[in-house]
Structures are given as C-alpha cells and as structure tokens.
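Right, one structure below, let's go through it.
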Number of protein chains: 2
Amino acid sequence: MNSRFSTAVHILTLLASTPGERVTSEYIAASVGTNPVVIRRQLASLREAGLVESKGARGGGWALGRDPAKITLKMVRHSLGADAKFRMHRNDPHPECPVGQNVRSVLEDVYEEADRAVMRSLEQWTIADMLKRVRRIAGTE
Amino acid sequence: MNSRFSTAVHILTLLASTPGERVTSEYIAASVGTNPVVIRRQLASLREAGLVESKGARGGGWALGRDPAKITLKMVRHSLGADAKFRMHRNDPHPECPVGQNVRSVLEDVYEEADRAVMRSLEQWTIADMLKRVRRIAGTE
DNA sequence: TGTATCGTAACTTTTTTTGTGACGGTATTG
DNA sequence: CAATACCGTCACAAAAAAAGTTACGATACA
C-alpha cells in the first residue's frame with residue numbers, strides 16, 4: 001500500500017464527513033496538507049471508479065459518488081490500479097541463469113495470491129467504518 | 001511488496017539451486033543483473049534473520065543458513081523489516097481537521113490487518129517450492 | 001461579465017531507491 | 001609469510017519515482 005492509497009482514504013473519509021455538501025479541492029488539500037492539484041489528480045482516479053463525482057465552475061466541488069457504507073477499501077485500492085500493487089525487481093537477469101530467467105514468473109503467482117489476500121482484507125472495511133472510527137477517536141460522536 | 005523482496009527471493013532460490021556450494025556475491029550479482037555491493041546489502045538482512053550465512057576471505061561466499069524447505073517467504077519479508085511494509089502518506093494534516101488528525105491511526109489498524117493477510121499468504125510458500133517451480137518451468141528437472 | 005471552480009499539461013523539486021568506487025579485514029593457498 | 005579472493009561497509013553518485021507547483025483553458029453560476 002502506498003501513500004496514494006492513504007491519501008485517497010483520507011479524502012473519501014473527509015467527503016463522507018460532510019454529507020450533502022460539495023467540497024473544493026482547495027479545501028481538501030488544506031485538510032490533507034498538500035497542493036490542490038495533487039488532490040485533483042487523485043480524485044480523477046476515484047472518479048473513474050465512480051467513487052466520487054465532481055462539478056466544475058463556481059459553486060462546484062466534490063462529493064461522494066455513493067453511500068459511504070458501500071465504498072470498501074478494496075474498491076479504493078482497485079481504483080489506483082497498478083500504482084498500489086506489489087512490484088517486481090526490474091533488473092535484467094543473466095541470460096544463462098535458469099533461476100534468473102524464471103523466478104519472475106513464479107513470483108508473479110506469489111504476488112497474485114498475496115494481492116488477493118490483501119483485497120479480501122480491505123474488502124471488510126468501508127468508508128463509513130473509517131468515519132465512525134475516526135469520530136470515536138476524536139470524541140466527536 | 002517491493003523489488004528488494006523480489007531480489008531476496010531470487011537470491012535465495014539461486015542459493016538453493018546449488019546446495020553444498022558457496023556462491024560469491026559477484027556471481028549472484030551477475031545472475032540478478034546488478035552490482036555485488038547491492039547484493040551484499042541484501043544478504044546482510046537475510047543473514048541477520050539466519051536465512052543465509054557467509055564466509056569471508058578466499059574460498060568464501062554465501063550459502064543458505066537452513067533447509068530451503070524451512071524458509072518461507074514470510075520469513076523473507078519479515079527479514080526486510082519496515083522496507084517491505086505499507087506506507088502512510090506523510091503530509092501534515094491541517095491541525096483543526098478532525099478527519100485529518102485521526103485517519104492515520106485508523107489506517108494503521110487497516111494496514112496491520114492487511115499485513116497479516118499478506119503474511120499468511122506468504123507463509124505458504126517456501127524457497128524449496130520456488131525452486132521446484134522454477135525448475136518445472138525451465139524443464140531442467 | 002466576473003468569478004470560483006475543475007481539468008490537465010508541463011515543469012520543478014524532493015524523496016527514495018539503486019548503483020558505484022574505495023578500502024580495510026581475513027582466511028586460504030601456495 | 002605474502003598474494004589472493006573473498007566479505008563488510010562507508011560515502012557518494014545516479015537514476016527513478018513521487019510529490020508539488022505554475023499556468024491556463026473551460027464552464028457554469030450569480
């Protein structure tokens with residue numbers, strides 16, 4: 001998992017915390033502590049996955065695309081595509097080494113399985129859960 | 001998972017493929033396609049975990065520290081420590097945003113759980129398995 | 001028509017990862 | 001005992017990846 005995933009969850013939880021309102025990328029950026037463009041970039045992936053929707057122009061902004069109880073962290077990870085995945089070493093192995101030539105393909109199987117395990121784990125968390133727990137910690141409930 | 005993990009598995013599988021022999025970091029580097037120092041760095045972590053052992057000086061080199069059937073990929077990942085883990089976004093959230101202030105700690109729980117899932121998955125693979133599968137693909141068996 | 005917003009491209013900066021050179025230490029070999 | 005072939009590790013360089021910034025066009029609202 002990487003920092004893009006973390007940021008995405010942060011954003012979605014923030015949106016869930018202000019239902020009915022549209023929030024600007026500038027506001028989100030201030031909450032996360034970064035630049036609005038960085039946020040918009042992230043939101044772009046989330047929008048493709050249907051998790052958020054945006055409206056341009058004055059009065060525009062961002063809102064969740066669906067019920068936060070129906071957004072799992074699995075979906076979030078999925079929306080980030082290859083960026084969130086396990087990575088292979090990218091060296092060119094020696095052409096005559098049978099191990100070097102073939103470990104990669106076996107490793108791919110390993111990663112695929114591990115990835116499924118991660119997804120099963122993330123599947124159990126929703127944005128609504130995240131918000132609930134955040135609020136419990138903050139004592140805002 | 002990252003490229004250090006992949007490289008570590010590559011190295012261990014290579015060592016498993018030449019039982020009884022010591023292999024030099026230079027040889028391993030050639031197989032992986034990188035610099036010997038990079039390999040030694042990686043081997044250092046693996047040695048701390050007892051997965052390999054080395055002998056300096058002439059005639060020296062590296063060998064597995066135990067039966068390849070007793071080395072799981074979980075151990076390999078564990079030996080890499082924090083490097084192999086999921087990472088949080090490192091921005092400073094806005095001090096007055098209750099979401100920003102607390103998502104991290106909830107995310108830590110999420111990551112911990114996901115990490116355990118990965119470990120359970122990796123636990124099922126041993127270096128001996130890797131070698132067997134590599135050989136099957138290579139048709140060297 | 002002015003303004004607040006998104007969308008996105010190009011670029012810069014920072015951070016992380018990987019690679020390299022250098023050199024000391026040590027056991028083995030002859 | 002000296003030459004050698006290794007490891008161990010530090011400091012630095014280069015490359016790659018990620019994050020941040022600037023800029024500007026497009027659009028709807030007021």
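Just so you know, these numbers use all the heavy atoms, side chains as well, and skip hydrogens, waters and symmetry mates. Quick note on labels: first sequence line is chain A, next is B, and so on, each numbered from 1.
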For [N], does OP1 or OP2 lie under 4.0 Å from any side-chain N or O of [X]?
| X | N | value |
| --- | --- | --- |
| T24(A) | dC6(C) | no |
| S54(B) | dG8(D) | yes |
| T34(B) | dG19(C) | yes |

key: Nucleotide of dC29(D), dA23(D), dT16(C) approaching R87(B) most closely (side-chain heavy atoms)   =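 Of the candidates, dT16(C) comes closest.
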query = Which one, dC7(D), dC6(C), dT26(C), comes nearest to the side chain of A57(B)?
reply =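 Nearest to the side-chain atoms of A57(B), counting from C-beta on, is dT26(C).
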Please give, in whole Å, the distance from [N] [atom2] to [X] [atom1]?
| X | N | atom1 | atom2 | value |
| --- | --- | --- | --- | --- |
| N91(B) | dG20(D) | CG | C1' | 10 Å |
| R22(B) | dT29(C) | CZ | P | 13 Å |
| Q42(B) | dT18(C) | CD | P | 8 Å |
| N35(B) | dA15(D) | CG | C1' | 14 Å |
| E26(B) | dA5(D) | CD | P | 11 Å |
| K55(B) | dT4(D) | NZ | C1' | 15 Å |
| R4(A) | dT15(C) | CZ | C1' | 16 Å |
| D92(A) | dA15(D) | CG | P | 16 Å |

Check [X] against [Y] and note the closest heavy-atom contact, atom names and distance.
| X | Y | value |
| --- | --- | --- |
| L51(B) | L12(B) | O-CD2, 4.4 Å |
| I127(A) | A16(A) | CG2-CB, 3.8 Å |
| Q101(A) | H94(A) | NE2-O, 3.0 Å |

Among side-chain atoms of [X] and [Y], is any donor-acceptor pair under 3.5 angstrom?
| X | Y | value |
| --- | --- | --- |
| R47(B) | S54(B) | yes |
| N102(A) | S105(A) | no |
| H89(A) | T34(B) | no |

request  = With DNA chain D as reference, determine whether P36(A) or G56(A) sits nearer its 5' end, using the nearest nucleotide of each.
outcome  = P36(A)
ask   = Hey, which of these two, G59(A) or S25(B), hits DNA chain D nearer its 5' end, going by closest nucleotide?
value =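 Here S25(B) is the residue nearer the 5' end.
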ask   = With a 4.0 Å cut-off on heavy atoms, is R41(A) in touch with a base, just the backbone sugar-phosphate, or nothing at all?
value =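 Base contact - R41(A) has a heavy atom under 4.0 Å of at least one base atom.
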inquiry  = If you assign R90(B) and V38(B) each to the DNA chain C nucleotide with the nearest heavy atom, which residue ends up on the more 5' nucleotide?
reply    = R90(B)
message = Would you call the rings of F86(B) and Y111(B) parallel, tilted or perpendicular, taking 30° and 60° as the class edges?
response = tilted
Between N or O atoms, less than 3.5 Å apart, protein on one side and nucleotides 1-3 of chain C on the other: list the pairs.
from: dG2(C); atom 1: N2; to: R58(A); atom 2: NH1; distance (Å): 3.4

